[in-house]
Number of protein chains: 2
Amino acid sequence: MPAESRDKILNAAEARLLVGGPAGLVLDAVALDAGISKGGLLHHFPSKEALVGGLCDRMLERFEEEMASLCAADPETTGAWTRAYLASTVTGDGKPADNSAQLMAGILATMGRDSVHLEKVRQHFVRWHARLEDDGIDPTIATLVRLAADGLWLSALLGLQQIDPAASQHLLGELRDMTRPAR
Amino acid sequence: MPAESRDKILNAAEARLLVGGPAGLVLDAVALDAGISKGGLLHHFPSKEALVGGLCDRMLERFEEEMASLCAADPETTGAWTRAYLASTVTGDGKPADNSAQLMAGILATMGRDSVHLEKVRQHFVRWHARLEDDGIDPTIATLVRLAADGLWLSALLGLQQIDPAASQHLLGELRDMTRPAR
DNA sequence: GAAAACCGACCGTCCGGACGGTATAAACCA
DNA sequence: TGGTTTATACCGTCCGGACGGTCGGTTTTC
């Protein structure tokens, strides 16, 4: 089964994207890093687009898993999804929770706005947002929290760290409080 | 004076970036669109990087102007900057206020995260955020509003329109109310 | 022995930008 | 005043490297 090679390739591609941005995602280099030949790479992913698609799918899948486990771990079901979204987007100190920001940016930049893969991302977002609006709390609040989380995520993506840690922590606290069941 | 050609080039480059993304930003094509030769283009912008830099500067400049005029037009000074940020980021119906999102994305994608130009963007953000924290309203609120605006902007950038217009309008209203002087 | 996995040389295209021009006009000089 | 230099704007060809993808092979696996 090729799953092992596939993963090695995906890992290498992801690493490349994270350090070198879209320009760093070069088939030769990815193959080299993955310890495979270019031909081998092309055997698993017949085109660069397919490779990016693989990256995209894996990212989505991981995010989905993380959301599920965070939700499961939350003792309070009301607002759990919203809290999970917040938590899986940014950490306590306002940093991005994972490298999804860089990854997403890379994926986005590698292929245009019209790509099939972006469409998949959109569909996931639609689902997530539906879930958000049915989280047991005021949908407007939930949306607000989500947007703020996205804003934080964007800040991290652009490398804007102008919001100082203390303020950021305070804000995160507020946001979390907003997701608690209505008093 | 070369200002005229410069602007034509910048306009062409911007248009290219908007419709074709980073991949559409090709010197030959930009020169063609601008009605100038490639050599002529290179005369005004010695490198592609310089061209992107020009685009970046102009975008920042325009944003700055818009913020100033919005602030000046607001009868209530308290929270005016925060409101201006909100307004110049997204329109009433949750669409991005201008093409800054696409533009920024293109710029970002064309050059890596380490570029000089991105550094300029960062510095502007630092100033904006300082301004935001001294806007006469609770800084946490101001930050929250700003982040939500950024979130909305990001949604628009990714082409996620899953937040329906009515809800979006309601949310925008709430955000605006938050920027009013404390009751 | 056939299919799947993998190899790596090769090709074609695209694109940034170097370079050696030309045209216009202002600045300088006699 | 007329010639010469110099600066600026602009032209368009050419080059060279980078990169995605093809293809005819070889090896591994079942």
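Naming: A, B, ... by sequence-line order, numbering from 1 per chain. Keep in mind it's a predicted model, so treat the numbers as computed, not measured.
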Enquirer: Restricting to ring pair (Phe, Tyr, Trp, His ring centres under 6.0 Å), what partner residues turn up for H124(B), sequence neighbours left out?
Expert: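 If we apply the ring pair (Phe, Tyr, Trp, His ring centres under 6.0 Å) test to H124(B), skipping adjacent residues, the hits are W128(B).
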
Enquirer: Give every pair of a protein N or O atom and an N or O atom of nucleotides 17-24 of chain C that lie under 3.5 Å apart, one pair per line with the distance.
Expert:
{"residue": "dG17(C)", "atom": "OP2", "partner": "K48(B)", "partner atom": "N", "Å": "2.8"}
{"residue": "dG17(C)", "atom": "N7", "partner": "K38(B)", "partner atom": "NZ", "Å": "2.8"}
{"residue": "dG17(C)", "atom": "O6", "partner": "K38(B)", "partner atom": "NZ", "Å": "2.6"}

Enquirer: Using atom CG of L41(B) as one end and atom C1' of dA9(D) as the other, report the distance to the nearest whole Å.
Expert: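 Value for this atom pair: 13 Å.
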
Enquirer: Please confirm whether the shortest side-chain N or O distance from S5(A) to OP1 or OP2 of dA5(C) is below 4.0 Å.
Expert: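 It does not, given that no N or O in the side chain of S5(A) lies less than 4.0 Å from OP1 or OP2 of dA5(C).
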
Enquirer: Looking only at the side chain of V26(B) (C-beta and beyond, no hydrogens), which of the listed nucleotides dC11(D), dC6(C), dC15(C) gets closest?
Expert: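 Given the options dC11(D), dC6(C), dC15(C), the side chain of V26(B) is closest to dC15(C).
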
Enquirer: Could you tell me which residues satisfy side-chain contact (heavy atoms from CB on, under 4.5 Å) with I141(B), sequence neighbours excluded, listed by chain and number?
Expert: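 With sequence neighbours excluded, I141(B) shows a side-chain contact (heavy atoms from CB on, under 4.5 Å) to D138(B), V145(B), M178(B), given in chain and number order.
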
Enquirer: Look at H43(A) and dA4(C) and indicate whether a side-chain polar atom (N or O) is within less than 4.0 Å of OP1 or OP2.
Expert: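 For dA4(C), neither OP1 nor OP2 has a side-chain N or O of H43(A) closer than 4.0 Å.
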
Enquirer: What is the distance from CD of E4(B) to P of dT8(D), rounded to the nearest Å?
Expert: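 Going from CD in E4(B) over to P in dT8(D) covers 19 Å.
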
Enquirer: With a cut-off of 3.5 Å and sequence neighbours excluded, list every side-chain donor-acceptor pair involving residues 15-32 of chain A.
Expert:
{"residue": "R16(A)", "atom": "NE", "partner": "D33(A)", "partner atom": "OD2", "Å": "3.0"}
{"residue": "D28(A)", "atom": "OD1", "partner": "K38(A)", "partner atom": "NZ", "Å": "3.2"}

Enquirer: Does a side-chain N-to-carboxylate-O contact under 4.0 Å join E14(A) and R58(A)?
Expert: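 R58(A) and E14(A): salt-bridged.
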
Enquirer: If the condition is side-chain contact (heavy atoms from CB on, under 4.5 Å), which residues does A68(A) pass it with, not counting sequence neighbours?
Expert: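 Partners of A68(A) by the side-chain contact (heavy atoms from CB on, under 4.5 Å) criterion come out as none, since no residue qualifies.
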
Enquirer: Calculate the interatomic distance between L25(A) atom CG and dG20(D) atom P; express it in whole Å.
Expert: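 Taking atom P of dG20(D) as the reference, CG of L25(A) is at 7 Å.
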
Enquirer: Can you name the residues that form a side-chain contact (heavy atoms from CB on, under 4.5 Å) with H117(B), not counting sequence neighbours?
Expert: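 E49(B), C56(B), M111(B), S115(B), K120(B).
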
Enquirer: Would you classify I36(A) as touching base, sugar-phosphate or nothing, given that sugar-phosphate means primed atoms plus P, OP1 and OP2, and contacts are heavy atoms under 4.0 Å?
Expert: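 Sugar-phosphate contact only.
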
